[in-house]
Structures are given as C-alpha cells and as structure tokens.
Protein chains: 4
Amino acid sequence: MARTSSTPDPARRNERSRQAILTAAAELATELGYAKLTIEAIAARAGVGKQTIYRWWPSKGAVVFDAFLAANENEAGGLDLPDTGDLAADLRALLRPAAEQLADPAFERVGRAISAEIQLDPTLLREYRARLLGPLLEVTRDRLRSAQRAGQLAEDLDLDLAVDLVYGPLHYRWLLGTGPIDQAYADAMVEALLRALRP
Amino acid sequence: MARTSSTPDPARRNERSRQAILTAAAELATELGYAKLTIEAIAARAGVGKQTIYRWWPSKGAVVFDAFLAANENEAGGLDLPDTGDLAADLRALLRPAAEQLADPAFERVGRAISAEIQLDPTLLREYRARLLGPLLEVTRDRLRSAQRAGQLAEDLDLDLAVDLVYGPLHYRWLLGTGPIDQAYADAMVEALLRALRP
Amino acid sequence: MARTSSTPDPARRNERSRQAILTAAAELATELGYAKLTIEAIAARAGVGKQTIYRWWPSKGAVVFDAFLAANENEAGGLDLPDTGDLAADLRALLRPAAEQLADPAFERVGRAISAEIQLDPTLLREYRARLLGPLLEVTRDRLRSAQRAGQLAEDLDLDLAVDLVYGPLHYRWLLGTGPIDQAYADAMVEALLRALRP
Amino acid sequence: MARTSSTPDPARRNERSRQAILTAAAELATELGYAKLTIEAIAARAGVGKQTIYRWWPSKGAVVFDAFLAANENEAGGLDLPDTGDLAADLRALLRPAAEQLADPAFERVGRAISAEIQLDPTLLREYRARLLGPLLEVTRDRLRSAQRAGQLAEDLDLDLAVDLVYGPLHYRWLLGTGPIDQAYADAMVEALLRALRP
DNA sequence: TATTAATCGAGACGGTACGTCCGGTCTTAAA
DNA sequence: TTTAAGACCGGACGTACCGTCTCGATTAATA
C-alpha cells in the first residue's frame with residue numbers, strides 16, 4: 001500500500017518550480033504588499049499549481065520569508081565588520097549604512113512586512129534568528145569582544161546587552177517613527193554608545 | 001440637499017453600540033488572538049450589525065486598536081514618572097515594570113499583534129503615537145530634562161536620542177528575542193544608560 | 001398613554017410626498033426594471049424618508065403597482081368598447097390594439113414585471129382585478145351580452161368562459177412567446193372566436 | 001496556456017453535488033416558497049459551498065428552474081396524447097388533468113413562482129420552451145394535425161393559433177383568477193374549442 | 001528501455017469571511 | 001404629528017481565498 005499524504009521526497013522536487021514560486025512571491029510582495037498577497041496569486045504568477053506550494057511550504061509567511069531570505073542571504077553571508085582598531089570608526093561604518101537602509105522608502109514596505117511577520121510567527125522568528133539576525137549579532141559581538149580585549153570596553157561588559165544597545169535604539173526609531181533617521185543620528189548614537197560601553 | 005454615501009454624523013452615533021463593539025473586540029482578541037479575530041465575530045458578540053462597525057471603523061485593525069487604546073488610555077493618562085532626584089532609582093522604577101510587562105506571557109499575544117498592526121498601518125501608528133506613545137515619551141523627556149538641569153546629564157544631550165536609548169534596547173530584545181528580559185536586565189540597562197548620558 | 005405604531009391618519013397625509021413617491025417609483029421601474037428597484041432608491045429619488053413609504057404601503061410591489069395603476073386608471077376608466085352591431089368588427093377593434101400594445105417592446109419590461117408581481121402576490125392580484133381587469137372584463141361581457149341578445153351568439157353561452165377565450169390565447173402567446181403577435185394574428189383569432197361562440 | 005476567470009469545465013463537474021443542489025432547491029422551494037428561498041440556504045442544505053452553485057448557475061431563478069425541469073422532464077418526456085379518433089374525448093383527456101393540476105393548491109405556489117420567473121428572464125423562458133413547453137405543444141399540434149387529416153378540423157387551420165386556443169384560456173383563468181377551474185370548465189372549453197376549430 | 005510511482009499544472013470542491021446592499025424599525029430635529 | 005434624514009440590527013448577497021481533493025500529463029528513478 002502506498003503511503004498517503006506523507007512528507008514529499010525532496011530529491012524529486014522541481015527546482016524550476018521552486019525558483020518560479022520564490023520569484024513570484026518576491027515580485028508580488030513588492031507590488032501588492034504582504035497583506036494583499038495570496039497563495040493563489042503566487043501560484044498563478046509562477047505558473048504552478050497551488051498544491052505545489054502547499055507541498056513545500058506550510059504558510060504564506062513561510063514562502064515570502066523564504067523568498068526574502070533567498071534574496072538577502074548571499075549579501076548577509078559575506079558580512080564581516082571591519083576591525084580597524086578604531087572602534088568609533090568601525091561602529092560608524094556599521095550604523096551609517098544600517099541607518100541608510102532603514103531610511104530608504106523602498107525598503108520600508110517589505111521591511112515592515114517581514115518584521116511584522118517575524119514578530120507574529122514564532123517559527124519564522126526562529127528561522128530569522130538562525131539565518132540572518134544570528135550571524136549579524138555574532139559578528140557584532142566578535143567586534144565588541146575584540147575591543148574589550150584591547151581595553152576599549154569595560155571588562156565586565158555584558159555583550160548581549162551591548163548588542164541591544166547598538167541596534168535597539170535605531171530599530172525603535174525606525175519602527176515607531178520617533179524621529180528622523182540619518183547619518184547624524186547614526187554618528188550621535190555611536191558617541192553615546194561609546195560612553196555607555198567604555199570602562 | 002442630501003449628501004450621498006458620505007461620512008456619518010457622529011452626533012447620532014449610538015454610544016451603547018460603540019461600547020459593546022470595543023468590549024467584544026477586546027474580549028475576542030484575548031480569546032482568539034488577533035489573526036483569528038473576525039469582524040463578523042465582533043458584530044455577533046456585540047449584538048450589532050456589521051454595517052455599524054464598518055460605518056465607524058475602516059478596518060479590523062482599527063477596531064482592535066481602538067479597543068486597546070480605550071483600555072490603556074486611562075492608565076496611561078495618569079502616568080507620571082517619579083522624580084525623586086535620584087535618576088538611577090527613577091529609571092529603574094521605569095524600566096523594571098516595563099520589563100515585567102514585556103516578560104508577561106499574557107501580554108505577549110496581544111502586544112505583538114498590536115505592535116505588528118501599528119508598524120504596518122501608518123494611520124494606526126500616527127494614532128498610537130498621538131494617544132499612547134507620545135505622552136509616554138513626553139514625560140520621559142521631562143524627567144531627563146529635569147536631570148539635565150540638575151547637572152546629572154550632559155548639557156548638550158539630545159533628548160530624543162536619549163529616549164531611544166532608554167526604550168529601544170528593551171523593545172528590541174522583546175521583539176526579536178535576543179535574550180531574557182528580567183529585572184537584572186533592566187538594572188544593567190539603567191547602569192549603561194547612565195554612563196551613556198552622563199556629562 | 002399614546003397609541004404606538006398604529007394605523008396612521010390618512011387625513012394628515014402629505015399629498016406632495018405621495019405624488020413624489022409614485023413618480024419616483026414609476027421612473028425607477030422603467031429605468032432599472034422592477035427587480036432592481038429598491039425602497040431606498042425610491043425614497044432617495046422622491047426626497048422622502050423611508051418611513052414615509054413604509055407608513056403608507058405594505059411592500060415594494062404595492063408601491064410600484066400603485067404607481068402603475070395611477071398611470072393607467074384614467075385611460076382604463078374611460079374604456080368603452082364600440083357597439084356598432086358588427087360583432088366581428090368590434091372584436092377586431094378590441095384585439096388589434098391589444099395585440100399592438102403587447103407587441104410593443106417598450107411595454108414588454110414593465111408589463112411582464114407587473115404581471116409577475118400580480119401572479120405572486122394575492123393582494124395585488126385582488127387589487128388588479130378590482131381596479132383594472134374587472135372593469136375591462138365587465139365591458140367585454142356587456143358587449144358579448146349585447147350580441148347574444150341580437151342572436152349573434154349562442155343563447156346558453158357562458159360569458160365568463162367566452163371572455164377567457166377572447167383574452168386568454170393572446171395573453172398566452174405573449175407570456176410564453178409561442179408565436180408572433182400582430183394584426184393578422186388578432187384578425188385570425190377573431191374569426192376563430194366567432195366560430196366558437198356562434199349559435 | 002491557462003484561460004483566466006473563464007467558464008468552468010463541465011467534465012470535471014461533481015455530479016453528486018449537482019444532484020444535492022437540485023434536490024435541496026426543490027425541497028426548500030416547496031417548504032419556503034420561491035421568494036423566501038436563498039442561495040445560502042440551498043448551499044447549506046445541499047452541504048455544498050456557495051461558490052459551487054455560482055459556478056454552475058447564474059441566478060437563484062436558474063437553480064430552482066433547473067430543479068423544476070429535472071423533476072418534470074421525465075414525466076414530460078413520456079407525454080403522448082391519446083389518439084382514439086374521438087377528438088372531443090381526447091381533448092377532454094388533455095384538459096381535465098391540466099385543470100386538475102392548476103386547481104391543486106399544492107401546485108399553486110411553485111407553479112406561480114416558476115411562471116413568474118420564466119416571464120421575467122428571457123433565458124429561462126427559452127429553456128422552458130425548449131425542454132418542457134415545446135414538446136407539449138408539439139404533441140398537441142400532432143394530435144390536431146391528425147384530426148385535420150381525418151377531416152374533423154378545418155383544412156386551412158393555423159395549428160399554432162389552435163394551440164393557443166387550447167391552452168390560453170385555461171392559463172389565463174389560472175393566472176388571473178377570472179373564475180373557478182374545474183372539470184365542468186374543462187369540458188365546456190372543449191366544446192367551444194371544437195366549434196372554433198371545426199371546418 | 002520499459003515500468004512505475006511521485007510530482008506537476010490545473011482547477012473543482014466545502015468552507016469562512018469579506019465588504020456591500022437593502023429590508024424594516026427606531027430615533028431625532030424641523031416644520 | 002408627520003416628515004426627512006439616517007443610524008440601527010439583521011441577513012443575504014456575490015466574491016475572494018483558504019487548504020484539500022481529484023484529475024490526466026509529465027518526469028525521474030527503478031527494474
């Protein structure tokens with residue numbers, strides 16, 4: 001007797017369809033926004049049966065998120081913070097581009113959609129932490145640890161708290177719109193951070 | 001001459017229905033969670049026609065959000081930070097309860113839902129800032145300004161940035177789950193903040 | 001204690017509104033067809049509150065029907081069949097215009113709508129018989145009775161059955177579209193009728 | 001290439017659902033009457049999604065009408081008028097049961113509803129003529145033609161007009177209630193018909 | 001190389017909720 | 001008191017998608 005409705009065999013998966021689905025999802029997400037996006041539309045755009053989507057992804061969020069990851073993982077994969085020895089400069093080199101991206105209106109929609117999705121679905125949050133956020137925080141902690149060893153930071157500094165301090169305020173301002181986000185803000189933030197973290 | 005299909009007259013609004021809708025929305029939001037909540041269910045629970053909801057609110061998000069505001073505004077209205085002169089103690093008195101609320105699993109579901117709703121709908125964000133966030137930031141800035149005048153903080157401190165520093169890291173950790181949220185974290189954060197903000 | 005929701009006092013009725021309602025109903029019936037007609041639309045067009053319609057008419061059908069009657073009663077009131085002594089000629093003078101009206105596409109829509117309404121609502125049927133159909137059948141029977149007295153028709157002829165024979169076939173052909181309706185048909189029908197009714 | 005939002009494929013139609021819908025429609029039509037019948041109720045009773053009804057029928061009228069046709073087509077399929085050579089007897093055998101059915105209160109409600117629906121919707125009228133009325137008129141004409149050949153009817157008789165004479169008066173009396181419908185009426189009508197149609 | 005089993009595109013299906021429309025009732029202010 | 005205006009509860013409308021379920025028709029691994 002054949003197994004019914006079991007997990008499918010990844011070996012037989014149609015790579016062509018997988019790509020078409022991710023592409024369609026990405027396109028539609030930017031065109032319509034996440035909320036107005038539907039599985040049916042993705043299937044239609046990708047020229048794919050709905051079942052092919054449901055076979056490989058558990059939810060709309062998972063598809064879109066996968067598309068987002070596929071687009072960002074490459075770039076994120078190669079992320080490495082500079083370590084010039086000048087902590088202030090290095091932090092500026094980190095926060096300035098971050099501020100720039102957050103201030104970009106094109107990033108606005110998809111960024112907020114993904115962010116909302118992540119904070120509502122624990123599964124997606126876990127995956128986001130594993131594949132994107134985690135590595136970023138890792139290298140950030142590494143850089144701070146390096147500064148710590150160099151005596152630029154307090155010896156007993158809690159690096160997890162430090163990382164929250166680095167990214168939290170910027171993230172807060174972006175999500176809640178408490179003020180403008182620009183280079184000056186990034187620079188001022190770096191100064192405040194250094195005061196907070198120094199020995 | 002009669003206007004056709006125009007905005008309704010608030011003077012003729014049925015207060016009884018308005019209350020019933022907000023109450024039903026609040027109840028259902030906690031029972032089912034925001035995502036599973038439907039306008040139809042709210043209308044049924046409130047003993048109200050669907051049209052009466054659509055007449056006064058543009059979306060499900062707006063209703064739930066209004067219910068949330070109605071529930072929190074009172075308490076928020078009376079918010080005043082202590083000003084004992086001891087800034088460290090006052091900040092702890094601010095951040096400890098905040099951490100406690102964020103760590104409360106009961107707050108988790110509705111909090112994240114509202115947060116996601118806010119960051120996706122600019123209208124709701126604006127209203128949130130006007131009615132809840134704004135006043136909170138205001139009193140926070142006031143307290144910091146008071147400390148500034150007392151010479152406890154840098155004279156040239158940017159209070160908006162300072163506020164981001166106060167609330168941002170905690171918010172970040174809560175949304176992205178980068179670490180545990182407890183009293184120790186709140187206290188450590190206060191110490192770091194004082195270092196960052198001191199003259 | 002005042003009587004609540006009792007029958008209204010016709011003496012205080014606003015004639016201006018009554019006219020406006022009937023006119024609006026007639027206009028909208030021809031513009032939209034009976035099925036798409038709504039009480040709300042009539043009230044809006046007439047510049048009248050919905051309640052004013054519900055106060056004086058029990059249903060949409062009643063309003064439209066009343067409008068139809070108001071428009072046709074005058075003309076129907078003055079109906080009198082010719083009695084030239086030549087029964088064949090007089091029947092032709094009766095059926096030819098009838099055929100012409102039924103064949104008129106402009107009459108098609110409203111005619112069928114009224115007809116359908118009548119056959120579905122016993123109340124309307126009763127009123128239709130009382131105010132329009134009754135008088136018509138009456139004068140028809142009168143003319144046949146006159147011919148009967150003149151020896152042109154069978155003495156024992158059942159006049160009610162005779163009237164069915166006069167109007168029934170034409171009506172049948174019109175409603176079910178079993179064939180073309182024109183002057184030739186009317187004339188042929190008259191010939192057949194005479195054979196059927198003669199002594 | 002896929003056609004978008006086009007007509008569905010009848011080959012994939014679920015016969016089980018089709019039957020359930022027609023049955024539910026027939027039941028509800030007799031229970032509630034046509035006017036109080038809703039698509040939602042049909043779908044619920046049939047255990048079917050609303051969309052499945054809308055996919056295959058354009059309107060409530062079409063469904064009910066289809067149910068009516070499905071119920072009556074069998075019986076109508078086997079209809080054959082007797083041809084005993086005695087035209088009077090054969091016509092009585094035709095009109096007496098017809099009168100009986102029309103006089104049956106149980107037939108009243110659904111009969112009038114279908115009749116009204118037919119006369120308002122040209123599409124339904126066409127289908128009614130094709131599937132029920134047409135065959136009936138056909139066999140009627142055949143019987144009359146047979147009598148014509150036997151010299152019992154006028155040679156130049158217009159059979160279409162003759163058929164209107166046979167069915168029209170009865171139909172007229174039924175729809176407009178111009179008099180009682182019973183066996184005596186049917187018999188008297190047959191006598192009048194024979195006079196009208198004889199050579 | 002033929003067989004066989006899974007995936008695929010397609011789309012009908014039972015459902016749920018949507019947002020709109022309108023029925024019929026009730027309330028209010030003006031006439 | 002009636003009226004115009006229109007908010008109200010209720011409920012059906014017709015639509016959009018959901019996630020499941022057949023259907024052949026590929027298509028890729030096995031025999």
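Note: hydrogens, waters and symmetry copies are ignored here, and every other heavy atom, side chains too, is used. Proteins get letters first, then strands, A, B, ... in listed order; numbering begins at 1 in each.
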Can you list everything that forms a side-chain hydrogen bond (donor to acceptor under 3.5 Å, both in side chains) with Arg129(C)? Sequence neighbours excluded, please.
none
Sorted by chain and residue number, the side-chain hydrogen bond (donor to acceptor under 3.5 Å, both in side chains) partners of Glu40(B) (sequence neighbours excluded) come out as Lys50(B)
Distance from Leu124(C) atom CG to Ser115(C) atom OG, nearest 0.5 Å?
11.5 Å
To the nearest angstrom, the CG-C1' distance between Asp9(B) and dA29(E) comes to 11 Å
When rounded to whole Å, the CZ to P distance for the pair Arg18(C) and dT3(F) reads 13 Å
Would you list the atom pairs, donor with acceptor, under 3.5 Å between side chains in residues 60-68 of chain A and any protein atom, with sequence neighbours excluded?
unit_1, atom_1, unit_2, atom_2, d
Lys60(A), NZ, Tyr34(A), O, 3.2
Lys60(A), NZ, Leu37(A), O, 3.1
Asp66(A), OD2, Trp57(A), NE1, 2.9

Pairwise distance CH2(Trp56(C)) to CZ(Arg13(C)) - rounded to 0.5 angstrom
5.5 Å
Sequence neighbours excluded, which residues qualify as side-chain contact (heavy atoms from CB on, under 4.5 Å) partners of Arg55(C)?
Pro8(C), Gln51(C), Thr52(C)
With sequence neighbours left out, the residues meeting side-chain contact (heavy atoms from CB on, under 4.5 Å) with Ala116(A) are Ala116(B), Gln119(B), Leu120(B)
If you restrict it to nitrogen or oxygen atoms, what contacts under 3.5 Å exist between nucleotides 26-30 of chain F and the protein, and what is each distance?
unit_1, atom_1, unit_2, atom_2, d
dA28(F), N3, Arg12(A), NH2, 3.4

Could you tell me the separation between the OH atom of Tyr128(B) and the CG atom of Asn72(B), rounded to the nearest 0.5 Å?
9.0 Å
Could you grab the distance from atom CD1 of Ile53(D) to atom CD1 of Ile42(D), nearest 0.5 Å is fine?
5.5 Å
Glu15(B) atom CD is separated from dT27(E) atom C1', nearest whole Å, by 16 Å
Which whole-number value in Å describes the distance from Ile21(C) CD1 to dA5(F) P?
12 Å
Just to verify, what does Thr23(B) make a side-chain contact (heavy atoms from CB on, under 4.5 Å) with, not counting sequence neighbours?
Gln19(B), Glu27(B)
Presence of donor-acceptor pair under 3.5 Å, side chain of Lys50(C) and base of dG24(E):
yes
Kindly point out which of dT3(F), dA7(F), dC18(F) is positioned nearest to the side chain of Arg13(C)?
dT3(F)
Respond yes when some side-chain nitrogen or oxygen of Ser17(B) is under 4.0 Å from OP1 or OP2 of dC9(F), and no when none is.
yes
For the helix from dT1(E)-dA31(F) to dA31(E)-dT1(F), what is the angle between the axes at its two ends, each from 5 pairs, rounded to 10°?
10°
Output all residues satisfying side-chain hydrogen bond (donor to acceptor under 3.5 Å, both in side chains) with Glu31(A), sequence neighbours left out; order by chain, then residue number.
Arg45(A)
Tell me every residue that passes side-chain contact (heavy atoms from CB on, under 4.5 Å) with Ala41(C), counting only those two or more places apart in sequence or in another chain.
Leu28(C), Thr38(C)
Validation row: Arg12(A), Asp9(A) side chains within 4.5 angstrom (heavy atoms):
yes
DNA chain F contacts made by residues 23-47 of chain D, counting heavy atoms under 4.0 Å:
Thr38(D), Ile39(D), Glu40(D)
Expected list for residues 51-62 of chain C near DNA chain E, using heavy atoms below 4.0 Å, is Gln51(C), Tyr54(C)
